[in-house]
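Everything on this sheet refers to the single structure shown next.
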Amino acid sequence: MPDDVEWFDQTLAKLVGDELREDIRNMVDFGEDRYFVDFLRDAPEATGEEPEDSDFDLPKVYEPIESFESLKERLNMFLCHYNESIRGTGMNTVFFQDAMMHLIKISRIIRTPGGNALLVGVGGSGKQSLTRLASFIAGYTTFQITLTR
């Protein structure tokens, strides 16, 4: 498998070098993985001079993260907003790199029209918390089905 990844990276680098302009070639970095999200920008501030039908939601611009540290700060901000707005269900979540990568993937999946995922893992590993936070960031309303006899 690592041989296949190395072959793909070399082939992609050669193709980019042959086919694209130099300024675009310099933008491509094959040494590290890049993660893209659509929740890095803040909502526009209301000045009072906007038309009544103005949209004050977060702009959904899909862009690369600068670093996991900056992403962690942004996610902690969303977590504080979540804990303030959803009464009685405060989450105490620690954002380490794997958790942030999973939240990015969940966010991308649920923002896709018809997107769905089956999250499999040990209970208590954070699947529900990350999904609730990703849904909150996307502006979705969540509900949970409770099984009874």
Beyond-backbone contact of L103 with L71, side-chain heavy atoms, under 4.5 angstrom:
no
Could you tell me if the side chain of L133 sits less than 4.5 Å from the side chain of T93, heavy atoms only?
no
Main-chain N/O of G114 paired to N116 side chain as donor or acceptor, under 3.5 Å:
yes
Mind checking the NZ-CE spacing from K72 to M77? Nearest 0.5 Å is all I need.
15.5 Å
Please tell me if the side chains of S135 and I110 come closer than 4.5 Å, counting only heavy atoms from C-beta onward.
yes
When you compare the side chain of K127 with that of H102, does any pair of heavy atoms fall below 4.5 Å?
no
Let me confirm one number: the CH2-CD distance from W7 to Q10, rounded to the nearest 0.5 Å.
10.0 Å
With S107, the side chain to side chain contact (heavy atoms under 4.5 Å, CB included) member among T131, D38, T112, V37
D38
Atom pair CD1/CZ of I86 and R132 - distance to nearest 0.5 Å:
10.0 Å
Pairs satisfying ring pair (Phe, Tyr, Trp, His ring centres under 6.0 Å), at least one member in residues 122-149, at least two apart:
Y82-F136
Check whether any side-chain heavy atom of L119 sits under 4.5 Å from a side-chain heavy atom of L130, and report yes or no.
no
Do S70 side-chain atoms and S67 backbone N/O form a donor-acceptor pair below 3.5 Å?
yes
Atom pair CG/CG of L79 and L75 - distance to nearest 0.5 Å
8.5 Å
Side-chain heavy-atom pair R41, E63 within 4.5 angstrom cut-off
yes
Which pair of non-hydrogen atoms, one from Y35 and one from M101, has the smallest distance, and what is that distance?
OH-SD, 3.4 Å
List for me each residue that meets ring-ring contact (aromatic ring centres under 6.0 Å, His included) alongside F95, sequence neighbours excluded, and say none if there are none.
none
If I take atom CD from residue E73 and atom CZ from residue F68, how far apart are they, to the nearest 0.5 angstrom?
14.0 Å
Worked check of side-chain contact (heavy atoms from CB on, under 4.5 Å) between R74 and D42
CA-CA 10 Å; R74 186 75 175 166; D42 291 326; 2.5 Å; yes
